[in-house]
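Each ligand, and each atom within it, is numbered from 1 in the order the structure gives. Nothing here was measured: the structure is a model prediction, and the numbers come from that model. No hydrogens, no waters, no symmetry mates; every other heavy atom, side chains included, goes into these values.
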Amino acid sequence: MTKIALVTGANKGIGKEIARQLVGAGYEVLLGSRDLARGEAAAKEVGATAIQLAVTDPESVEQAAAAIAAEYGRLDVLVNNAAIIPAGDAGVVDIAPGVLRDGFETNVVGLVGVTQAMLPLLRKAPQARVVNMSTELASFTSVGDPASRMSTVRTLGYNSTKAAVNMVTVMLANELRGSGILVNAADPGNCATDMGGWDAGRTAAQGAAVAVRLATLAADGPTGEVYAEAGRLPW
Ligand SMILES: NC(=O)c1ccc[n+]([C@@H]2O[C@H](COP(=O)([O-])OP(=O)(O)OC[C@H]3O[C@@H](n4cnc5c(N)ncnc54)[C@H](OP(=O)(O)O)[C@@H]3O)[C@@H](O)[C@H]2O)c1
């Protein structure tokens, strides 16, 4: 039985590479994109099927869930990849409230909304996997170490929302323990994309591989953890 995977925000960047790698692993991949035309172009490139999905638009999320239910009746993999660094992001001293709200709306409220909408479909799969994209900028250990480069990055609207994503990951893993659904977060490392900057040291494909490993975990795999390429990331 071919497994069905949904990747949000997959029209470009790491999400597109996750879609490409899951197609390569034999999955039928639904490539989520808020702009359907851009999603279709990316889907054609990687051998996936585009689906319109704006994580901040509950109607779009409901329609996507209904379409997946009608076509497949289940979902084996959900990769919550869509995210933003909100425009105007800054440190705690300077950030405008609206900027912080924008970050939470997409990165946390949107991610939880998509997960809730897809959960009935994930429960229908024999061994579903959920992967939430995180970052070392959400690690209290790294950001709290004055010697770490992470401590110098002044983007509260990004770091705090991804720290919240880590908590979503741990809590959902707890809530689904024993269901066969494994929930983990992936830190792709700094990858060359529109978000990561084009001078970043890693490719989007290298970042995607971290998520794909968690999306394809065996039944005895971990749950409620955050992994980078080198292994578990400290909270
Ligand atoms: N690149 C890095 O160095 C790095 C490092 C650590 C973690 N990450 C994480 O990895 C993931 C992918 O990052 P990336 O570098 O590939 O970013 P990216 O190139 O900026 O791509 C982000 C994707 O999210 C989509 N998106 C944003 N808001 C959305 C919304 N409301 N509804 C649906 N889609 C939305 C974007 O769609 P549009 O094209 O329509 O804007 C785009 O497809 C993110 O979760 C990011 O936080 C990245």
Original post:
Which of the listed options, Asp57, Asn11, Val7, holds the heavy atom that is closest to atom 36 (C) of ligand 1?
Top reply: Asn11
**OP:** Can you sort out which atoms of ligand 1 are near Ile84, meaning under 4.0 Å from one of its heavy atoms?
**Re:** 27 (C), 28 (N)
Original post:
Which option out of Ala204, Ala42, Gly189, Cys191 puts a heavy atom nearest to atom 5 (C) of ligand 1?
Top reply: Gly189
Original post:
Does the side chain of Asn81 pick up a donor-acceptor pair with the side chain of Thr8 at under 3.5 Å?
Top reply: no
**OP:** Salt-bridge test for Asp76 and Arg129: reply yes if a basic N is under 4.0 Å from a carboxylate O, no otherwise.
**Re:** no
Original post:
Counting each atom of ligand 1 from 1 as listed, which ones have a heavy atom of Thr135 under 4.0 Å away?
Top reply: 6 (C), 7 (C)
**OP:** With the side chain counted from C-beta on, respond yes when Thr169 and Val226 share a heavy-atom pair under 4.5 Å apart, and no when they do not.
**Re:** no
Original post:
atom 15 (O) of ligand 1: which of Thr193, Val210, Asn81 has the nearest heavy atom?
Top reply: Thr193
Original post:
What is the nearest protein non-hydrogen atom to atom 41 (O) of ligand 1, stated with its residue, atom name and distance?
Top reply: Arg34 NH2, 2.8 Å
Original post:
Side chains of Leu22 and Ile18: closer than 4.5 Å at any heavy-atom pair?
Top reply: yes
Subject >> Gly196 neighbourhood, listing ligand 1 atoms whose heavy-atom distance to it stays under 4.0 Å >> reply: 1 (N), 2 (C), 3 (O)
Original post:
How close does the nearest protein non-hydrogen atom get to atom 33 (C) of ligand 1, and which residue and atom is it?
Top reply: Leu53 O, 3.4 Å
Original post:
Which residue holds the protein heavy atom closest to atom 35 (C) of ligand 1, what is that atom called, and what is the gap in Å?
Top reply: Ala82 CB, 3.6 Å
Original post:
What atoms of ligand 1 come closer than 4.0 angstrom to any heavy atom of Gly13?
Top reply: 16 (O), 19 (O)
**OP:** List every atom of ligand 1 that sits less than 4.0 Å from any heavy atom of Ala83, numbering the atoms from 1 in the order shown and giving each element.
**Re:** 22 (C), 24 (O), 27 (C), 44 (C), 45 (O), 47 (O)
Original post:
Heavy-atom contact under 4.0 Å between Ala200 and ligand 1?
Top reply: no
Original post:
Looking at CG of Asp35 and NZ of Lys12, how far apart are the two atoms once the value is rounded to the nearest 0.5 Å?
Top reply: 11.0 Å
Original post:
What is the closest protein heavy atom to atom 25 (C) of ligand 1, and at what distance does it sit?
Top reply: Gly9 CA, 3.7 Å
**OP:** Return yes when Pro188 approaches ligand 1 closer than 4.0 angstrom through a heavy atom, no otherwise.
**Re:** yes
**OP:** Run the contact test for Arg202 against ligand 1 with a 4.0 Å cut-off on heavy atoms, strictly below, and give the result.
**Re:** no
Original post:
Arg38 heavy atoms, cut-off 4.0 Å: which ligand 1 atoms fall inside?
Top reply: 38 (P), 39 (O), 40 (O)
**OP:** Would you kindly specify which portion of Glu136 sits under 4.0 Å from ligand 1, judged on non-hydrogen atoms: side chain, backbone, both or neither?
**Re:** neither
Original post:
Going by heavy atoms in the side chains, are Val29 and Val46 under 4.5 Å from each other?
Top reply: no
Original post:
Where's the contact between Thr106 and ligand 1, heavy-atom distance under 4.0 Å: side chain, backbone, both or neither?
Top reply: side chain
Original post:
So do Val130 and Leu214 actually touch side chain to side chain, heavy atoms under 4.5 Å?
Top reply: no
Original post:
Which ligand 1 atoms, with their elements, are less than 4.0 angstrom from a heavy-atom of Ala54?
Top reply: 32 (N), 33 (C)
**OP:** State the CD1-CG distance between Ile181 and Leu172, to the nearest 0.5 angstrom.
**Re:** 7.5 Å
Subject >> Heavy-atom check, side chain of Val77 versus side chain of Ile4, under 4.5 Å >> reply: no
Original post:
With a 4.0 Å cut-off on heavy atoms, is Ala186 touching ligand 1?
Top reply: no
Subject >> Heavy atom of Lys162, distance to ligand 1 below 4.0 Å >> reply: yes
Original post:
What is the nearest protein non-hydrogen atom to atom 17 (O) of ligand 1, stated with its residue, atom name and distance?
Top reply: Met195 CB, 3.4 Å
**OP:** Answer yes or no: is there an ion pair linking Arg202 with Glu229, defined by an N-O contact shorter than 4.0 Å?
**Re:** yes
**OP:** Look at atom 7 (C) of ligand 1 and say which protein heavy atom is nearest, naming residue and atom and giving the distance to 0.1 Å.
**Re:** Ser134 O, 3.0 Å
Original post:
Side chain, backbone, both or neither: which part of Asp35 comes within less than 4.0 Å of ligand 1 when only heavy atoms are counted?
Top reply: neither
Original post:
Could you go step by step and tell me if Glu28 and Thr49 meet the side-chain hydrogen bond (donor to acceptor under 3.5 Å, both in side chains) rule?
Top reply: CA-CA 8 Å; Glu28 179 152 354; Thr49 303; 4.6 Å; no
Original post:
Which residue owns the protein heavy atom closest to atom 48 (C) of ligand 1, what's the atom, and how far is it?
Top reply: Ile14 CD1, 3.7 Å
Subject >> Positive for side-chain contact (heavy atoms from CB on, under 4.5 Å) with Asn184, one of Asn132, Leu217, Val131 >> reply: Leu217
**OP:** Identify the protein heavy atom lying closest to atom 32 (N) of ligand 1, giving its residue, its atom name and the separation to 0.1 Å.
**Re:** Val55 N, 2.9 Å
**OP:** Pull out every atom of ligand 1 sitting under 4.0 Å from any heavy atom of Tyr158, numbered as shown with elements.
**Re:** 6 (C), 7 (C), 8 (N), 9 (C), 46 (C), 47 (O)
**OP:** May I ask you to check whether Asp145 and Ser151 show a side-chain donor-acceptor distance below 3.5 Å?
**Re:** no
Original post:
Looking at side-chain heavy atoms only, is the closest gap between Tyr227 and Asp187 below 4.5 Å?
Top reply: no
Original post:
So, Ser33 versus Gln52: side-chain donor-acceptor pair below 3.5 Å or not?
Top reply: no
Subject >> Contact check, side chains of Thr56 and Val61, non-hydrogen atoms, under 4.5 Å >> reply: no
